Protein chains: 2
Amino acid sequence: MDKHDRISPAVIRRLPKYYRYLGELTKMGINKTSSRELSEMTGFSASQIRQDLNNFGGFGQQGFGYDVENLRNEIAKILGLDNKYKIIIVGAGNIGQAIANYTGFYEADYEVVALFDKNPKLIGMSIRNAMIMDSDDLEDFLEKEKIDIAVICTPKSVSQQVAEQLVRCGIHAIWNFAPKDLKMPENVHVENVHLNESLFSLTYYYNRMNREKNKNE
Amino acid sequence: MDKHDRISPAVIRRLPKYYRYLGELTKMGINKTSSRELSEMTGFSASQIRQDLNNFGGFGQQGFGYDVENLRNEIAKILGLDNKYKIIIVGAGNIGQAIANYTGFYEADYEVVALFDKNPKLIGMSIRNAMIMDSDDLEDFLEKEKIDIAVICTPKSVSQQVAEQLVRCGIHAIWNFAPKDLKMPENVHVENVHLNESLFSLTYYYNRMNREKNKNE
DNA sequence: CGCCTCCTGCCTATATTTTAACAATCATTC
DNA sequence: GAATGATTGTTAAAATATAGGCAGGAGGCG
């Protein structure tokens with residue numbers, strides 16, 4: 001699987017989108033598609049779609065197109081959506097609870113096994129079969145349970161410290177919602193969801209649009 | 001302000017990060033910095049940082065560096081963080097409520113004015129001074145109040161429809177949390193936060209790491 | 001069967017983004 | 001007040017990402 005090593009992040013970011021649209025086609029009962037059709041749906045150029053897919057092998061048939069279900073399965077395999085993943089959430093505040101309640105992951109087999117928090121009022125509560133446990137028990141828990149992905153939803157002040165603790169306990173994949181960049185060793189992958197930065201970008205474009213509108217009036 | 005028109009999105013995405021780190025420097029009482037220092041903090045190359053900033057003008061002093069507070073204010077101005085923004089949230093489920101409760105926006109003046117939902121159990125509740133109102137009252141509300149940014153936290157099945165309604169009522173900036181791409185006119189800016197796609201990317205890298213680890217053993 | 005249309009996979013060209021290099025400039029030191 | 005070291009702004013080069021173009025294969029149709 002050496003070919004995976006050199007795939008650009010931009011390609012990986014697009015794959016979930018293809019996957020989603022292929023799912024929609026399946027739901028509509030359409031079982032054949034083409035890069036042109038996917039282009040219309042996703043907004044990416046047909047050429048780019050073909051090239052993206054060809055990074056992983058020729059899933060299509062020349063002169064014909066792609067089999068929707070087959071292509072979807074192949075992308076699932078590439079992303080690893082054909083496996084099960086156990087998740088814990090550290091920090092059971094607003095965001096942590098929202099993630100635990102989020103049903104949008106249904107497309108793959110992600111299971112939130114437990115949440116952790118310091119707040120005694122939260123400890124003992126359950127969210128969709130997942131218990132909120134005391135943060136002090138985190139390390140013991142990770143020793144016993146094999147966890148794939150940890151979600152950090154703590155305040156930023158403790159996020160680095162929590163991340164280091166997680167890594168010490170063998171975690172290699174972190175989904176970080178704290179507005180801070182984690183300094184992590186090479187063999188840990190961090191996926192950031194920085195809501196501020198997203199909102200600030202939006203703010204920039206909002207203002208730019210307003211400036212243009214005023215100019216044209 | 002024509003120069004803003006051609007700034008690449010990649011640059012805009014980095015500005016909030018500079019802004020955040022400059023805030024941290026201020027908090028530490030440091031009032032002078034350099035592209036090299038910012039590079040160490042942010043992980044971007046010093047060259048790139050200088051080039052990014054010079055898109056908007058020379059904020060530094062040759063041979064000396066940048067004044068932390070001044071640079072931070074300039075970036076704030078570029079992003080528009082020196083203004084106030086009124087926000088509504090459509091969909092007061094888990095994510096909607098979490099956003100309403102989110103305090104991470106404190107760096108700028110964002111005010112969540114109201115939430116909207118169809119669920120009678122939620123209508124009438126308040127979250128941090130913002131009331132959850134009936135979705136049926138959305139259009140009336142938007143006629144009376146001048147809202148800058150709308151957040152979509154509805155199920156994906158209605159997100160497109162909600163977005164169109166918002167645009168009809170004069171909204172031009174949408175922060176979309178529904179796992180669907182909105183088809184919008186040119187003069188509307190949509191910033192997507194697609195949690196699935198983010199998690200799927202993480203899953204890909206998690207698996208790739210595991211493959212590499214197994215190979216090296 | 002032959003022709004036409006459509007579409008992939010691949011190769012090439014263009015555009016964009018990032019990195020590198022360097023002259024100009026400033027504060028500091030001796 | 002001249003030399004030094006640090007650092008910017010800017011230009012050029014390299015790397016990367018995207019788009020375009022085309023040969024060849026597949027299916028459909030008369």
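This is a predicted model, so every value here is computed, not measured. Residue numbers begin at 1 in each chain, while the letters A, B, ... track the order of the sequences.
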First and last nucleotide of DNA chain C in contact with chain B, 5' to 3', at under 4.0 Å to a heavy atom: what are they?
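Footprint of chain B along DNA chain C, 5' to 3': dT17(C) to dA27(C).
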Please list residues of residues 58-72 of chain A whose heavy atoms come under 4.0 Å from any atom in DNA chain D, ordered by number; otherwise none.
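Going residue by residue through residues 58-72 of chain A, the ones with a heavy atom under 4.0 Å of DNA chain D turn out to be Q62(A), G63(A), F64(A).
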For DNA chain D, which residues of residues 36-47 of chain A approach it to below 4.0 angstrom with any heavy atom?
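Within residues 36-47 of chain A, the residues near DNA chain D are S45(A), S47(A).
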List in chain and number order the residues that pass ring-ring contact (aromatic ring centres under 6.0 Å, His included) with Y110(A), two or more places apart in sequence or in another chain; answer none if no residue qualifies.
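Checked Y110(A) against ring-ring contact (aromatic ring centres under 6.0 Å, His included); matches are Y85(A).
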Contacts of type ring-ring contact (aromatic ring centres under 6.0 Å, His included), residue F177(B), not counting sequence neighbours:
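With sequence neighbours excluded, F177(B) shows a ring-ring contact (aromatic ring centres under 6.0 Å, His included) to W175(B), given in chain and number order.
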Which residues satisfy the salt bridge (Lys or Arg N to Asp or Glu O under 4.0 Å) test with K118(B), sequence neighbours excluded?
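Applying salt bridge (Lys or Arg N to Asp or Glu O under 4.0 Å) to K118(B) gives D136(B).
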Please name all residues satisfying salt bridge (Lys or Arg N to Asp or Glu O under 4.0 Å) with R168(B), sequence neighbours left out, ordered by chain then number.
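Counting only residues at least two positions away or on another chain, R168(B) forms a salt bridge (Lys or Arg N to Asp or Glu O under 4.0 Å) with E139(B).
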How long is the gap from NZ on K17(B) to CD1 on I49(B), to the nearest 0.5 Å?
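Going from NZ on K17(B) over to CD1 on I49(B), the span is 11.5 Å.
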Would you tabulate the side-chain donor-acceptor contacts of residues 155-162 of chain B under 3.5 Å, counting partners in other chains and residues two or more places apart, or write 'none'?
from: K156(B); atom 1: NZ; to: Y106(A); atom 2: OH; distance (Å): 3.1
from: S159(B); atom 1: OG; to: K156(B); atom 2: O; distance (Å): 2.9
from: Q160(B); atom 1: OE1; to: K183(B); atom 2: N; distance (Å): 3.0
from: Q160(B); atom 1: NE2; to: E164(B); atom 2: OE2; distance (Å): 2.7
from: Q160(B); atom 1: NE2; to: K183(B); atom 2: O; distance (Å): 3.1

Who passes side chain to side chain donor-acceptor pair (under 3.5 Å) against D52(B), sequence neighbours left out?
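D52(B): side chain to side chain donor-acceptor pair (under 3.5 Å) contacts with R14(B), Y18(B).
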Using the test side chain to side chain donor-acceptor pair (under 3.5 Å), find all partners of D148(B) that sit at least two apart in sequence or belong to another chain.
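If we apply the side chain to side chain donor-acceptor pair (under 3.5 Å) test to D148(B), skipping adjacent residues, the hits are Y206(A), K146(B).
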Counting heavy atoms not belonging to E24(A), are there more than 12 under 6.0 Å from its CD?
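More than 12 within 6.0 Å, yes.
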Is the number of heavy atoms from other residues, nucleotides or ligands under 6.0 Å of E69(A) CD greater than 12?
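No - once you tally the heavy atoms of other residues, nucleotides and ligands closer than 6.0 Å, there are 12 at most.
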Indicate every side-chain donor-acceptor pair of residues 92-99 of chain A with a distance under 3.5 Å to a residue at least two apart or in another chain.
from: N94(A); atom 1: OD1; to: N101(B); atom 2: ND2; distance (Å): 3.4
from: Q97(A); atom 1: NE2; to: A92(A); atom 2: O; distance (Å): 3.0

Close N/O contacts between protein and nucleotides 12-17 of chain D (under 3.5 Å):
from: dA17(D); atom 1: OP1; to: S8(A); atom 2: OG; distance (Å): 3.4

